[in-house]
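Remarks on the structure that follows.
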Amino acid sequence: MKFATKAIHAGVEPDPTTGAIMTPIYQTSTYVQESPGKHKGYEYARTQNPTRTVLQNNLAAIENGKHGICYSSGLGATDAILKLFKPGDEIIASSDLYGGTYRIMAKVFQDFGLKFKFIGLEDPAVLEAALTPRTKMVWLETPTNPMLRIVDIEAIAAITRARNILLTVDNTFASPYLQNPLDLGADIVMHSVTKYLGGHSDTVMGAIVLNDDEIARQLTFIQNACGAVPGPQDCFLVLRGIKTLHLRMQRHSENALKIARFLSEHPKVSQVNYPGLETHPQHELARRQMRDFGGMVSFTLHGDSLPEAVKVMESFQVFSLGESLGGVESLCTHPASMTHASIPKEEREKNGLKDTLIRLSVGVEDADDLIEDLRQAIG
Ligand SMILES: *Cc1c(COP(=O)(O)O)cnc(C)c1O
């Protein structure tokens, strides 16, 4: 089955009791048993919920994986993955990372004895040099946030596979429509479902998709034992969101490319980061690895003046200033003070993230209106 058909149909069956074409919201905490231990596969709603089961199966299908497991947030999913490890285990993560992922690694799990190294992963040779016999997982994002660099998943997977190290890809920025890391050799795909999968800025959720039965069993155990599960209403909203994922991603990508071209010709703009631009240093790799280039763009103005960047962000009429991304409406974020504030300034700057960088999550509005808004805001 092709992507659009899977997005709409995979895992979804008409409700057996009524024929309802939409999966019902099973808003229940428990399930009546016929006799002790004799039930229909559902015992308690932290452990299983039918709305969640349908969503988990749908997510597995669109990410080309065998198992889908949902959590109450993207960080809930990350937390579950990190609990697969033991004190002394080493994890290598890309330095251009979502701020909350850095925070849970460096400020929470480090205190439980896990060791983290944050390095640039655009050059796979750098990874080889950082590996030790205690390295158990490599964690990467691509495109990265907020610099929109591309990491070669296949090249990294060739290194991790050869040494039995797990490779996890945070596929939030691309969404399963643009990129399927499991097909490229990754072991685990993690999503902040809050973003493109939900797509309508109305839900917080996380998900993991993978093929390995034993790790899936452990992650399902952690889902139930630690309890970070999403509610059934949220599962319903995400199931509805996914039905238009392919349509939204096509328009996000189309609008973002137009905006990236507009910005790169603007005399006041010094740098535009968008993998769809031919001038992006990894444009060819992005073309190979992704179906299209997505809706995220970041840029800086000449002169690197913070007050000037702030003025642009305050002047938008159509773009809203706020954290998050991936919704139908266009958002603008100031990574240094918002999404990446938990990363120390020196770490941010080592990575090329200037305090004047503006990040756009380009929505699915009319591109002309978005460009007009940028034109008046930049002035
Ligand atoms: C938002 C985000 C997360 C965290 O997800 P939540 O749903 O907010 O917990 C992780 N990774 C990336 C790339 C994100 O954008």
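None of the values given here were measured: they were computed from a predicted structure. Each ligand, and each atom within it, is numbered from 1 in the order the structure gives.
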Can you confirm whether Asp187 sits close enough to Asp212 that some side-chain heavy atom of one is under 4.5 Å from a side-chain heavy atom of the other?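 Side chain of Asp187 against side chain of Asp212, heavy atoms only: no contact under 4.5 Å found.
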So if I count the atoms of ligand 1 from 1 in the order they appear, which ones are less than 4.0 Å from some heavy atom of [X]?
X	answer
Met205	7 (O)
Leu75	5 (O), 6 (P), 9 (O)
Asp170	10 (C), 11 (N), 12 (C), 13 (C)
Leu325	15 (O)
Ser73	7 (O), 9 (O)

Can you tell me the protein heavy atom closest to [atom] and the distance?
atom	answer
atom 5 (O) of ligand 1	Ser192 OG, 3.0 Å
atom 7 (O) of ligand 1	Thr194 OG1, 2.7 Å
atom 10 (C) of ligand 1	Tyr98 CD2, 3.4 Å
atom 15 (O) of ligand 1	Lys195 NZ, 2.7 Å

When you compare the side chains of Gln218 and Glu214, does any donor N or O come within less than 3.5 Å of an acceptor on the partner?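 Note: Gln218 and Glu214 side chains meet the donor-acceptor criterion.
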Geometric cation-pi criterion Lys40 and Tyr26, 6.0 Å radius, 45° cone: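 Here Lys40 fails the 6.0 Å and 45° test against Tyr26.
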Lys/Arg N to Asp/Glu carboxylate O, Glu278 vs Arg287, below 4.0 Å: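 Salt bridge: no.
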Take Tyr196 and His191 through the ring-ring contact (aromatic ring centres under 6.0 Å, His included) test and state the conclusion after the steps. CA-CA 9 Å; Tyr196 286 109; His191 278 284; 9.8 Å; no
Heavy-atom donor-acceptor pair, Thr142 side chain to Thr144 backbone, under 3.5 Å: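 Looks like no, no N/O pair under 3.5 Å.
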Which is it for Val193 and ligand 1 at heavy atoms under 4.0 Å: side chain, backbone, both or neither?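 Under 4.0 Å from ligand 1, Val193 contributes no heavy atoms.
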Can you tell me which portion of Thr172 lies within the under-4.0 Å heavy-atom range of ligand 1? Options are side chain, backbone, both, or neither.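 Just the side chain.
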Candidates Leu263, Ile358, Asp373 - the one meeting side chain to side chain contact (heavy atoms under 4.5 Å, CB included) with Ile378: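 So, applying the side chain to side chain contact (heavy atoms under 4.5 Å, CB included) to Ile378 and each of Leu263, Ile358, Asp373, only Leu263 qualifies.
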Would you say ligand 1 has an N or O under 3.5 Å from any N or O of Thr101?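 Looking only at distances, the answer is no, because the N/O contact criterion of under 3.5 Å is not met.
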Which ILVMFWY residues can you reach from Met147 by hopping between side chains whose heavy atoms are under 4.5 Å apart?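 Its cluster mates, by chain and number, are Leu353, Leu357.
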